[in-house]
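Data first, discussion second: the structure below is written as structure tokens.
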Amino acid sequence: MPADGILLTSEHCFVNQSMLTGESGAVKKQVGVTAPDQSLEQRFNCVYMGTSVQSGNAAMLVVHTGRTTEYGEIAKRLTLRPPETEFERGIRHFGYLLTRIMLVLTLVVFAINVWFERDVIDSLLFAVALAVGITPQLLSAIISITLSQGSRAMAQEGVIVRKLTAIENFGGMDVLCTDKTGTLTEGQIRIDDAVDASGVSSEEVFRATYLNATLQTGMKNDLDDMIRRHRQIDVAAVTRLGEVPFDFMRERLSVIVQDGQDVRMLAKGAFHSVLDTCDHVWKHATSHPLDSFARMELEVQFENWSAEGIRVLGVAEKRVTIREEYSVDDETGMTFIGFLLIFDHPKADVAETIRQLAVYGVDLRIITGDNASIALHTAEAVGLQVTGILTGKDLVRMSDEALWQKIETTTLFAEVDPNQKERIILALKKNGHVVGYMGDGINDVPALHAADVSLTVENAVDIAKESADLVLVRKSLRVLLRGIVLGRTTFANTLKYIMVTTSANFGNMFSMAGASLFLPFLPLLPKQILMINFLSDFPALAISQDRVDTEDVRVPRRWDLKEVRRFMIVFGLVSSLFDYTVFLVLIVLFNANESVFQSGWFVFSILTELLILMIMRTRRILYHSRPAPILLFASILVGAVAIVVPYLPNASLLGLYPLPFPILFTLLGLLIGYVLLNEAVKRWFYRKT
């Protein structure tokens, strides 16, 4: 179709518009009038740009072209900047928090040192070094490393990451919205069953259908190919005598076959078309007249299956005599023998995946352009507890404010167009959810564009794969669960670095700022501050491969700047408490001079940063959670280096000098109290928050 339009005439016109609505098969288009608030799927008199005519004839009046078409509206969405995701928003706000702290700390420390008439250049360098020291300098590197590690691990699990930051959002996702066709279902219709007039599976009905599909010589079609692929039957002993070809007026096909001594006409096609040729029905191994009651029974079965999204064909037969030609006039007085049921089946692992998603704190919502009855049946088939349904017509009449309220109790959205899918995603985000969307068609592109994390599957259309952050390359949806765990692991390790580094740095910088008020010298030289950061960042690089406790991946994790700020202040003050204890020990107990004081605190600062990393990497007691070997090894190595550095020949270049052993052992003893106090405060902090 080159444009959007309205049909003026139509002769059995069938259009495949799955790219816009997600319907599994072609839909019949006819002349008529539809209301403006009808969904795309319900506008039987409209055709759309980009869809394709499968059969029939029609004349259309062009109404929209180019960018004003439904297809053009989707393309327009892709030119807009994607909404800010939860992870990007968290990083930005964290940057604002650090900027405010650094600005205040730098100005206050510099002003105080100038007030005490200390050298202006030294005071400025000291204040700037404090600002640098409180900053997690490796944050960008840590994020890149953890995301890269997560991307590689997810690739091994069958998830291709196209946008690294999506991994963090994947872990924080608490609502997953998904299209129905091709994601929850196989996206291909196939035979569900062949049943007799009573609804019982029947080999005779399937055999009649198979002979009809296999021996016909007219127009090739997907339906007959699907029947032949479903199950093979030996037809070598069956002879084709003739056929009445399919046409769109009759909507059925009849084949005349000789099977042994029997010569029969076998017909299959649209249920009502086949039923109209019959005057008997085969039921309970007996032929019965097709009276009004029997017809009503068949109609009820047809309506029930159709409401469940099952496509229903009728199958009939009759005995005939052998002759040269057969015509449409022979399709009378037939016996209705059964139904062929065709259905787009749910994927095998969907039900278990939905159950596991619930265990990991992720709610599932289905958003589809398909009929509400079909969507409801599919939702129930995959085990989704449907608590509310909204259709595209409902959304047209609903304000944004009403949608924000209603959306929390709605799990199924049906008969929605592509732009309404986007509106649903934005409403969920407005309510504070981290939203994922999984779809595979062009009609899913606006929603993929708007979601915090967008996913698609390997057999999706190219534009959907280009728009998605993550592509599932395996057919099993279980890779979703593994991806969520890896995303939460990556986020947890990133958050470990941020919280541990900012609290340790804040504590040290706060201690130095306070010490500079009463000490006649700087507590640490600027170059010593930078060396502390340099050495302590080595274990931080290994945190990307750290183990994560099971309870940390059971629920969605997301940015909470209030918790980060509380964590930084509480544990920063605990660190400062021990720093001031070290000051008193060095000044009062050992009467340390400037060099010894700076060397002692240099060693103690590095060791406390390493210990706080081990303590705060888990909410459990320290010895109940094993760190990754590389993290443990890096921490031990840096700790040993910190102790040895003051004793090296060139240590004076850093302003460091050998520590007397009584001072060194005293500082090491204080570390035991540091560990015990932090463990106690950690237990209180997490119980409180």
Side-chain angles (χ1 to χ4, degrees), residues 17-18 20-24 27 34-44 46 70 73-74 77 83 173-185 306-309 344 346 350 354 357-358 362-452 454:
Q17 56 184 26
S18 61
L20 289 178
T21 62
E23 295 162 294
S24 300
V27 294
T34 53
D37 61 354
Q38 297 280 49
S39 66
L40 296 183
E41 187 260 346
Q42 292 175 321
R43 297 176 194 171
F44 58 82
C46 299
E70 295 291 340
E73 286 294 327
I74 295 175
R77 288 289 190 277
M173 178 178 69
D174 62 339
V175 174
L176 174 63
C177 300
T178 177
D179 184 31
K180 178 183 73 69
T181 307
T183 48
L184 294 182
T185 65
S306 297
E308 295 176 355
D344 184 9
V350 168
I354 292 175
L357 285 173
V362 180
D363 292 332
L364 185 73
R365 313 286 174 91
I366 296 178
I367 306 176
T368 179
D370 242 348
N371 177 271
S373 297
I374 296 174
L376 178 60
H377 176 71
T378 302
E380 293 173 343
V382 299
L384 178 66
Q385 185 70 34
V386 178
T387 57
I389 302 175
L390 282 177
T391 65
K393 183 183 283 189
D394 297 328
L395 292 173
V396 170
R397 296 193 295 258
M398 190 175 290
S399 66
D400 287 339
E401 291 76 10
L403 180 59
W404 299 340
Q405 296 294 325
K406 186 70 173 177
I407 204 167
E408 294 299 329
T409 57
T410 304
T411 53
L412 178 60
F413 302 86
E415 301 171 15
V416 296
D417 62 39
N419 294 327
Q420 288 174 330
K421 290 185 178 185
E422 180 187 37
R423 185 183 173 201
I424 294 166
I425 299 300
L426 294 176
L428 286 166
K429 292 177 66 173
K430 177 70 177 179
N431 283 5
H433 295 288
V434 179
V435 184
Y437 184 82
M438 184 166 65
D440 65 342
I442 296 175
N443 60 320
D444 298 311
V445 169
L448 291 169
H449 196 63
D452 287 306
S454 52

Would you find a donor on one side and an acceptor on the other, under 3.5 Å apart, between the side chain of Glu415 and the backbone of Ala372? yes
Check side chain to side chain donor-acceptor pair (under 3.5 Å) between Thr34 and all other residues, then give those that pass, not counting sequence neighbours. Asn45
What closest approach, in Å, do Tyr437 and Asp179 show between heavy atoms, and which atom pair accounts for it? OH-CB, 3.8 Å
So, for Ala450 and Glu422, which heavy atoms are closest and what is the spacing to 0.1 Å? CB-CG, 3.8 Å
Contacts of type salt bridge (Lys or Arg N to Asp or Glu O under 4.0 Å), residue Arg423, not counting sequence neighbours: Asp400
To check you understand the geometry: which heavy-atom pair defines the closest contact between Gly439 and Leu448, and what is its length? N-CD2, 4.1 Å
Of all heavy-atom pairs linking Lys421 and Val416, the shortest is CG-CG2, 3.8 Å
Lys406: what forms a side chain to side chain donor-acceptor pair (under 3.5 Å) with it, not counting sequence neighbours? none
Validation row: Glu408, His433 side chains within 4.5 angstrom (heavy atoms): yes
Leu412 pairs by side chain to side chain contact (heavy atoms under 4.5 Å, CB included) with which of Leu376, Thr391, Leu390? Leu376
Nearest 0.5 Å, what's the CD1-OG1 distance between Ile366 and Thr178? 7.0 Å
Could you tell me the separation between the CD atom of Glu70 and the CD atom of Gln17, rounded to the nearest 0.5 Å? 10.5 Å
Report the residues that fulfil salt bridge (Lys or Arg N to Asp or Glu O under 4.0 Å) with Asp394, sequence neighbours left out, ordered by chain and then residue number. Arg397
Who pairs with Ala358 by side chain to side chain contact (heavy atoms under 4.5 Å, CB included), at least two apart in sequence or on another chain? none
Taking it one step at a time, do Met173 and Asp452 satisfy side-chain contact (heavy atoms from CB on, under 4.5 Å)? CA-CA 8 Å; Met173 178 178 69; Asp452 287 306; over 6 Å; no
For the atom pair CD1 (Ile407) and CG (Leu403), what is the distance rounded to the nearest 0.5 Å? 4.5 Å
Can you tell which of Leu364, Leu428, Thr411 makes a side chain to side chain contact (heavy atoms under 4.5 Å, CB included) with Cys177? Leu428
In short, ring-ring contact (aromatic ring centres under 6.0 Å, His included) pairs touching residues 371-393 with sequence neighbours left out are Phe343-His377
Just jot down the side chain to side chain donor-acceptor pair (under 3.5 Å) partners of Thr378, sequence neighbours excluded, or say none. none
Which atom pair, heavy atoms only, marks the closest approach of Ala414 to Ala375? CB-CB, 4.1 Å
Just jot down the side chain to side chain donor-acceptor pair (under 3.5 Å) partners of Gln420, sequence neighbours excluded, or say none. none
Arg365 versus Val175: any side-chain heavy-atom pair under 4.5 Å? yes
Please, which pairs that meet ring-ring contact (aromatic ring centres under 6.0 Å, His included) have at least one residue in residues 393-417, sequence neighbours excluded? none
Please collect all side chain to side chain donor-acceptor pair (under 3.5 Å) contacts where either partner lies in residues 379-389, sequence neighbours excluded, each pair once. none
